[in-house]
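Everything numeric here is computed off the predicted structure, so don't read it as measured data. Residue numbering restarts at 1 for every chain, and letters A, B, ... go by the order of the sequence lines.
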Number of protein chains: 2
Amino acid sequence: MATMTADQRREEARAQFDAYLASCPSRKLLDRISDKWVALVLKSLADGPKRYSDISRQLAGVSQKMLTQTLRNLERDGLLTRTVTPSVPVRVDYELTPLGASLGAVMGRLKTWAEEHMAEVERNRAAYDARAGATR
Amino acid sequence: MATMTADQRREEARAQFDAYLASCPSRKLLDRISDKWVALVLKSLADGPKRYSDISRQLAGVSQKMLTQTLRNLERDGLLTRTVTPSVPVRVDYELTPLGASLGAVMGRLKTWAEEHMAEVERNRAAYDARAGATR
DNA sequence: CTGTATCCGTATAGATACTG
DNA sequence: CAGTATCTATACGGATACAG
């Protein structure tokens, strides 16, 4: 094997790590669920199918663009189904698949942890900032 | 109460929803853990304390800037501790707090779901793309 | 009603160079 | 060894206008 500079070795290690990350299931999952509206859509659909406008009304902060984009991505991944009723005006219903529902259950675990511990995190953060502010 | 246009009502609903989101523990948690390197750092420290350079070597893809930033944020939130040993050269050790370890455990659930189901998600995605491609 | 198309401002990650 | 400071490119969310 030819000799390599430290820079070359570093670069190779980085490339390998990036490849590892790209194939890592956990990483892919995190990329998917950390989209800003995914968790909220999953939660909105957790208690049954809903129409586009219903979801839109429930998640008052979401733009049409982002809602459509989020729904499309979730449909693409098989986490929900999209059913078009060609009436006038058209009606589109979204419903979680079993796969989507099971992901929703896991997200529920996160929610539980958040409700139990985020207040402590907030306190830690405030204390840290107070210390940093005091020494400045 | 004064009358409001539909636009005004919409805007108010959006403002309220944004406020709700800002105070939602789950949202805050998701914002924190979806930082690109948080999960990896938690995992790296799961099996015991490590030095800065050790983490850096293990996560070959991370830049110094992002690693430092991630570690600082986690320290700020009380999820890990930072211990400086003023030798020459300096030595800095990072270690999960119990809070950080408990978050790591929850992340483990996500990992399990990912390992069990992400392959199916990938297949769904590929099938969806194949359909979309065929009709184009 | 349920979208699509386009533009724009900002936030973020990363590269690079420098320091105690 | 363990950072800090600065710059840049890109991606992303959001606003707006339009359409089937």
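Within the structure, every side-chain polar atom (N or O) of A:Ser87 is placed at least 4.0 Å from both OP1 and OP2 of C:dC1. In terms of phosphate contacts, A:Arg72 brings a side-chain nitrogen or oxygen within less than 4.0 Å of OP1 or OP2 of C:dT4. A close approach under 4.0 Å does not occur between any side-chain nitrogen or oxygen of A:Arg51 and OP1 or OP2 of C:dC1. Distances shorter than 4.0 Å separate some side-chain N or O of B:Arg82 from OP1 or OP2 on D:dG3. Distances shown here put a side-chain N or O of B:Tyr94 below 4.0 Å from the OP1 or OP2 atom of D:dG3.
Looking at B:Ser44, its side chain never comes within 3.5 Å of a backbone N or O of B:Leu40 through a donor-acceptor pair. A distance-only check finds no donor-acceptor pair linking the side chain of A:Thr85 to the backbone of A:Ser87 [under 3.5 Å]. The main-chain N or O of B:Asp93 is never found under 3.5 Å from a side-chain atom of B:Lys50 such that the two would form a donor-acceptor pair. Without hydrogens or angle criteria, B:Ser56 side chain to B:Tyr52 main chain gives no donor-acceptor distance under 3.5 Å.
If you measure from atom CG of B:Leu40 to atom P of C:dA13, you get 13 Å, rounded to the nearest angstrom. To the nearest angstrom, C1' of D:dA5 lies 17 Å from CG of B:Leu67. In this structure, A:Arg91 places its CZ atom 13 Å from P of C:dG3, rounding to the nearest Å. Separating the CG atom of B:Leu71 from the C1' atom of D:dA2 is a distance of 11 Å, rounded to the nearest angstrom.
Note that CG of A:Leu30 and CG of A:Asp35 are 11.0 Å apart. Values are rounded to the nearest 0.5 Å. Taking CG of B:Leu59 as the reference point, atom CZ of A:Arg14 lies at 11.5 Å (rounded to 0.5 Å).
Using a cut-off of 4.0 Å between Lys/Arg side-chain N and Asp/Glu carboxylate O, A:Arg57 and A:Asp54 are scored as salt-bridged.
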Query raised in the report: Which parts of nucleotides 6-20 of chain D does protein reach within less than 4.0 Å, heavy atoms only, written one letter per nucleotide 5' to 3' as B for base, S for sugar-phosphate only and - for none?
Result: B------BBB-B--B
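A heavy-atom distance below 4.0 Å to DNA chain C is reached by none of the residues of residues 17-27 of chain B.
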Can you give each donor-acceptor pair under 3.5 Å made by side-chain atoms of residues 94-101 of chain A, sequence neighbours left out, with the distance rounded to 0.1 Å?
{"residue": "A:Tyr94", "atom": "OH", "partner": "A:Arg82", "partner atom": "NE", "Å": "3.3"}
{"residue": "A:Thr97", "atom": "OG1", "partner": "A:Gly78", "partner atom": "O", "Å": "2.7"}
{"residue": "A:Thr97", "atom": "OG1", "partner": "A:Leu79", "partner atom": "O", "Å": "3.2"}
{"residue": "A:Thr97", "atom": "OG1", "partner": "A:Leu99", "partner atom": "N", "Å": "3.4"}
{"residue": "A:Thr97", "atom": "OG1", "partner": "A:Gly100", "partner atom": "N", "Å": "3.1"}

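Residues A:Val84 and A:Leu74 fall within the same hydrophobic cluster, defined by Ile, Leu, Val, Met, Phe, Trp and Tyr side chains chained together at heavy-atom separations under 4.5 Å.
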